[in-house]
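As C-alpha cells, the structure follows; a few thoughts come after it.
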Amino acid sequence: MATFLYRIARWAFRRRRLVTGLWLAALVLAGVAAAVAPEGQEEDLSMPGTESQKAFDLLDERFPESNSQGAEARLVFQAPDGQRVTAGENKAAVEDTIGALDGGDQVASATDPYRTGAVSEDGTIAYSTITYTADAVDLTEPTKSALEDAASQARDAGLTVEIGGSALDSEEEPGGTTELIGVGVAAVVLVLALGSLVAAGLSLLTAFLGVAIAFALVSALAAPLGLTSTVAILALMLGLAVGIDYALFITSRFRDERAQGSEPEEAAGRAVGTAGSAVVFAGATVIIALAGLGVVGIPELTKMGMGGAGAVALAVLVALTLVPALFGFFGRRVLSRRVRKATSRPASRRPVPGAAGRPGLGTRWARFVLRRPVAVLMIAGLGLGTLALPALSLELGLPGDESKPVETTQRRAYDLLSEGFGPGFNGPLTVVVDTSESTDTRATTDLVVKTVRGVDGVASVGDPVLSQTSDTAVLTAVPRTAPNSGETKDLVHAIRGAVSGVEADTGAAILVTGTTALNIDISEAMSDALLPYLTVVIGLAVLLLMVVFRSVLVPVKAALGFLLSVGAAFGVLVAVFQWGWAADLIGIEQTGPVMSLMPILIIGIVFGLAMDYEVFLLTRMREAYVHGALPGEAIVNGFRHSGRVVAAAAIIMISVFAGFIGMNSPTIQTMGVGLAAAVAFDAFVVRMAIAPAVLALLGHRAWWLPRILDRVLPNVDVEGEALSRHVPASAPQSDAAVRRLPVGRD
C-alpha cells in the first residue's frame with residue numbers, strides 16, 4: 001500500500017494543475033446538482049418489524065385518505081386569569097381567529113374547539129387543529145405568516161396563544177455562530193501546531209472543499225433517497241473534522257521529510273506513502289463502522305451512516321490527491337520559518353534533527369509515563385471508570401416538543417396542552433383493531449374499548465373510527481402520564497398484554513401504535529441492538545489492528561481503551577441530558593431520556609476516530625521498534641514525532657464537534673456533546689496516557705504475534721517499510737525509477 005500511495009502522491013505533485021482542476025470541477029458539478037435538485041422532506045422515524053410500525057402500515061392500507069393530509073398545526077388558546085375561553089368575547093376572538101385561517105391557501109381544514117369538545121374541563125384552555133394540503137417543508141412563507149398573524153390577532157384580543165404541531169418545523173441550517181467558533185479554534189490550533197499560516201490554510205482549504213462536495217451531494221440526493229437535514233449536518237460535521245485532521249497528518253509528515261533534506265516531490269510521496277497509509281486505514285475504519293449502522297434496521301440511522309461514510313471517503317480522497325498537489329503550488333511556504341532557514345543552508349551546515357535542544361512536551365510526557373506506568377494507568381483508568389458510572393442509569397427515548405427551549409412557541413403550546421388536558425394528551429396512543437378475521441366487528445371493537453379503558457393509567461379512550469370497508473377500527477387512548485415517562489412505557493406494554501386475550505377470543509389483530517408507542521419500540525430496539533453492535537465493532541477493531549500492528553495485545557489494549565472512552569462519553573450524556581448537570585451552559589432547559597439513536601451512532605463514529613489516533617501514534621512506535629529500538633525508546637519516538645500532531649488533531653476535532661452544540665436541535669446537541677466528550681477522553685486519556693502505560697508494562701510482549709497468524713494475516717505496510725527498502729531517503733529518484741518500483745505486499 002505504501003508504495004502505491006507513494007506513486008499517487010508523486011503523480012499528483014507533478015500534475016497538480018490537473019488534480020486541482022478536477023477537484024474544482026467536481027465541486028462545481030456537485031453544487032449545480034444541489035441547486036437544481038428538489039428539496040428533500042423531513043421524514044418521521046420508522047422501525048420496520050415493530051408492532052407500532054406494522055400498525056402504521058396497516059393504517060396506510062385501510063385508511064388511504066389519511067395519507068393525503070400534510071402538515072398540522074395546533075392553535076392553543078388560554079383565557080386571561082379568572083376568565084374562560086367559553087366566555088362571550090373570548091369565544092368570539094377564538095372563532096374569528098379560526099375563521100381567518102379556514103379556507104386559506106394550503107389549508108385543508110380548521111376545527112372549531114367548541115364543536116369538537118377541544119376545551120379543558122375548567123374552560124380556560126382550548127385548541128384548534130389546522131391541517132394543510134402540503135408537508136411542513138412545502139408550506140409557503142405566506143401560509144406560515146397567516147398562521148402567525150392569526151395567533152397575533154387573538155393575542156391582541158387578550159388571549160394567550162401558542163402554536164404547536166409540525167407546520168412551523170424547519171430544517172436545521174448549519175453555519176451558526178457556534179460552528180464558526182469551532183472552525184476558528186481549529187484554525188488557531190493549526191497555526192500553532194504547524195507554525196505556518198500557509199500550512200494551516202492548506203489543511204482548512206482541502207477540508208472545506210471535501211465537505212462542500214459532500215454537503216452538496218447530500219443535498220442533491222435528499223429527495224430521491226429521502227435524506228434529512230440531520231444527515232447533511234452529520235456529513236458536514238464528520239467531513240470537516242476528519243478532513244482537517246487527515247490533511248494535518250500528511251502535511252506534518254511532509255514537513256518532517258523536508259526537514260530531513262528530501263526534495264519536495266520525494267517528500268510528498270513519502271508523506272502520503274506513510275501518513276497517507278494511516279489515513280486510508282483510519283478512514284476505512286470510520287467508513288466501515290458507519291456503514292455498519294445499516295444492520296440495526298432503522299432507515300434514518302442507515303441514511304445517517306451512509307451520509308457520514310461518504311463524507312469521510314471524500315476526505316480521504318482529498319487528502320491523498322489534492323493535499324500533495326497543493327504542496328507543489330505552495331512549495332517551501334508550507335514549512336515553518338525555522339525549517340525554511342535550516343533547509344536553505346548547505347547540507348553540511350544543516351542541524352541534525354533532534355540532535356540538540358530541549359526535548360519537546362511529547363517526549364517529556366512519554367518519559368514521565370515510562371517512569372510511572374502503574375500510577376498513570378491507575379489514575380487514568382479509575383478516572384474514566386468514574387465518569388462512566390452515570391451510564392448505568394442510561395435511559396433512551398426520542399425528543400419531542402417538550403425538549404425544545406421554553407422561548408419557542410411549540411414548547412409553550414406543549415406546556416399549555418399538558419396543563420389543560422393532562423400530561424398524556426401530548427402523547428396519545430393509537431389502538432388499531434383489524435377485524436377482518438373476526439366474526440362480529442362491532443362486538444370485537446366494543447370489547448377492545450372496554451379492555452383498554454380498564455387498564456390502569458389510561459385517562460380516556462375515544463370513540464372508535466371504522467374504515468370504509470368496516471374491517472378496521474381505530475381508537476385513541478390518552479395516558480395519564482407524559483410521553484417520555486417510564487409509566488407511559490409500562491402502560492404501552494400493559495395495554496398490549498391486556499388485548500392479547502381479546503385477540504385469542506375473537507381472532508382480531510390488535511396493534512398499539514402512535515408516535516409515543518413507536519418511540520418506545522425504537523428505544524427498546526436500540527437497547528437490544530447496542531450490545532451486538534458493540535461486539536461487532538470491538539471484534540472488527542481487534543482484527544484490523546492485528547493486521548496493521550502485527551500484534552495480539554496491542555489490539556486488545558486498544559479495544560478496552562475504546563470501551564472506556566465510550567463509557568465515559570455515555571456517562572457525560574446521562575449527566576447532562578438526563579440529570580441536567582451543566583445543562584444551562586449549552587441551552588438545555590428540559591432534561592429527559594437520551595435520544596435513542598445516539599449510543600449506537602456515537603459508538604460507530606468514535607470507533608473510527610479512536611482508531612485514527614491509535615494508528616497515527618502507534619505507527620511511529622512500531623516503525624521505531626521494527627528498526628531495532630527498545631520498547632521504551634519506541635514509545636518515546638512515537639510521542640516525539642506524532643504526539644503534538646495527534647494532540648492538535650484531537651483539539652481540532654473536539655472544537656468542530658463542540659461547535660454544533662449551539663444548534664437548536666436536541667439531536668445535533670446530543671451528538672455534539674457525545675462526540676466531543678468521547679474524542680477528548682479517547683485522545684488525551686486513552687491514547688496518550690493509558691496506551692503508553694500499558695505498552696511500557698508489556699515491553700517486548702506488546703509486539704508479539706504467533707507465527708501462524710504472521711503467515712495468515714496480510715501485510716498492509718502502514719509504516720512504509722517498503723519505501724525504506726525500495727526508496728532510499730538519501731537519493732531522490734527519477735520518475736523512471738519511481739515507475740519501476742515494486743508494489744510489494746499490500
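Note that the numbering runs from 1 along the sequence shown for the chain.
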Handout entry: 4.5 Å side-chain heavy-atom contact, Tyr114 and Ile98
Key = no
Practice task
Working to the nearest 0.5 Å, report the span between CE of Met598 and CG of Leu301.
Solution key: 8.5 Å
Completion exercise
So CG of Leu491 and NZ of Lys489: to nearest 0.5 Å the spacing works out to 13.0 Å
Fill in the blank from the handout: Heavy atoms of Leu466 and Ala473 approach each other most closely as CD2-CB, 3.6 Å
Practice task
State, without any angle test, whether Gln578 and Ser393 hold a side-chain donor-acceptor pair at a distance under 3.5 Å.
Solution key: no
Practice task
Any pair with a residue in residues 223-240 that passes salt bridge (Lys or Arg N to Asp or Glu O under 4.0 Å), sequence neighbours left out, goes on the list, sorted by first then second residue, please.
Solution key: none
Fill in the blank from the handout: Smallest heavy-atom separation, Tyr533 atom then Gly604 atom, equals OH-CA, 3.4 Å
Handout entry: Asn519 and Pro483, any side-chain heavy atoms less than 4.5 Å apart
Key = no
Exercise for the section: Apply side chain to side chain donor-acceptor pair (under 3.5 Å) to the pair Thr472 and Arg62, showing each step before the final yes or no. Expected result: CA-CA 7 Å; Thr472 307; Arg62 305 287 174 84; 2.7 Å; yes
Handout entry: Closest non-hydrogen atom pair, Ser219 against Ala34
Key = CB-CB, 4.0 Å
Practice task
Could you tell me whether the side chain of Ile522 reaches within less than 4.5 Å of the side chain of Thr50, counting heavy atoms only?
Solution key: no
Exercise for the section: Using modelled atom types only, decide if a donor and an acceptor are shared between the side chain of Glu51 and the backbone of Val512 within a distance under 3.5 Å. Expected result: yes
Fill in the blank from the handout: For Arg480, the side chain to side chain contact (heavy atoms under 4.5 Å, CB included) test, sequence neighbours excluded, returns Ala459
Problem - Stepwise side chain to side chain contact (heavy atoms under 4.5 Å, CB included) check, Met526 with Ile600 - result: CA-CA 8 Å; Met526 290 295 95; Ile600 284 183; 4.1 Å; yes
Problem - Any donor-acceptor pair under 3.5 Å from Thr409 side chain to Ile163 backbone - result: yes
Practice task
I would like to know whether Ile602 and Leu675 meet side chain to side chain contact (heavy atoms under 4.5 Å, CB included); could you show each step before the answer?
Solution key: CA-CA 6 Å; Ile602 289 175; Leu675 291 177; 4.3 Å; yes
Handout entry: For the student: nearest non-hydrogen atoms of Val231 and Gly307, plus distance
Key = CG1-CA, 4.1 Å
Fill in the blank from the handout: Between Ala568 and Ala388 the two heavy atoms that sit nearest each other are N-CB, 3.7 Å
Fill in the blank from the handout: Distance col, row Ile510:CD1 vs Ile495:CD1, nearest 0.5 angstrom, shows 11.5 Å
Problem - Flag, side chain of Ser52 to backbone of Thr513, donor-acceptor distance under 3.5 Å - result: no
Exercise for the section: Test Asp415 against Arg411 for side chain to side chain contact (heavy atoms under 4.5 Å, CB included), laying out the working first. Expected result: CA-CA 6 Å; Asp415 292 340; Arg411 168 64 185 278; 3.2 Å; yes
Problem - Any donor-acceptor N/O pair, Thr441 side chain to Asp471 backbone, under 3.5 Å - result: no
Problem - Verdict with supporting geometry, Ile125 and Val85, side chain to side chain contact (heavy atoms under 4.5 Å, CB included) - result: CA-CA 6 Å; Ile125 297 174; Val85 290; 5.9 Å; no
Exercise for the section: Spell out, as yes or no, whether a donor-acceptor pair under 3.5 Å connects the side chain of Gln106 to the backbone of Thr140. Expected result: yes
Handout entry: Basic-acidic side-chain contact under 4.0 Å: Asp521, Arg496
Key = yes
Problem - Neighbour count >12 (heavy atoms, 6.0 Å) for atom CD, Glu437 - result: no
Exercise for the section: Taking the side chain as every heavy atom from C-beta outward, state whether Glu524 and His493 have any pair of such atoms under 4.5 Å apart. Expected result: yes
Practice task
Keeping the roles fixed (side chain from Thr111, backbone from Thr129), state whether a donor-acceptor pair exists under 3.5 Å.
Solution key: yes
Exercise for the section: Spell out, as yes or no, whether a donor-acceptor pair under 3.5 Å connects the side chain of Asp434 to the backbone of Ala509. Expected result: no
Handout entry: Approximate separation, where rounding is to 0.5 Å, of Gln669 CD and Phe577 CZ
Key = 6.0 Å
Practice task
Return each pair, listed once, that meets ring-ring contact (aromatic ring centres under 6.0 Å, His included) where at least one residue sits in residues 418-474; pairs must be two or more places apart or across chains.
Solution key: Tyr127-Phe421, Tyr127-Phe425, Phe421-Phe425
Completion exercise
Heavy-atom closest pair (Ala569 atom, Ala678 atom, distance to 0.1 Å) is CB-CB, 3.6 Å
Problem - Point-to-point distance, once rounded to the nearest 0.5 Å, from CD1 of Ile520 to CG of Asp490 - result: 8.5 Å
Handout entry: Atom pair OG/CZ of Ser128 and Arg115 - distance to nearest 0.5 Å
Key = 11.5 Å
Handout entry: Between Asn426 and Ser418: side-chain donor-acceptor atoms closer than 3.5 Å
Key = yes
Exercise for the section: Would you indicate whether the side-chain heavy atoms of Met304 and Leu293 approach each other to under 4.5 Å? Expected result: no
Handout entry: Sub-4.5 Å side-chain heavy-atom contact between Leu75 and Leu101
Key = yes
Problem - Which residues share a salt bridge (charged side-chain N to carboxylate O under 4.0 Å, His left out) with Asp528, sequence neighbours left out - result: none
Distance-only check: which donor-acceptor pairs under 3.5 Å involve side-chain atoms of residues 446-456, not counting sequence neighbours?
| from | atom 1 | to | atom 2 | distance (Å) |
| --- | --- | --- | --- | --- |
| Thr451 | OG1 | Leu447 | O | 2.7 |
| Arg453 | NH2 | Val461 | O | 3.2 |

Handout entry: Within-4.5 Å side-chain heavy-atom neighbours: Asp105 and Pro142
Key = no
Practice task
For Thr488 and Thr481, test the side chains for any donor-to-acceptor distance below 3.5 angstrom and give the result as yes or no.
Solution key: yes
Fill in the blank from the handout: Contacts satisfying ring-ring contact (aromatic ring centres under 6.0 Å, His included) that involve residues 443-466 (not counting sequence neighbours) are none
Exercise for the section: Report yes or no: does Gln78 contribute a side-chain atom to a donor-acceptor pair with the main-chain N or O of Thr160 at less than 3.5 Å? Expected result: no
Handout entry: Trp581 atom CH2: more than 12 heavy-atom contacts under 6.0 Å
Key = no
Practice task
Using a 4.5 Å cut-off on heavy atoms from C-beta on, say whether the side chain of Thr124 contacts that of Phe77.
Solution key: no
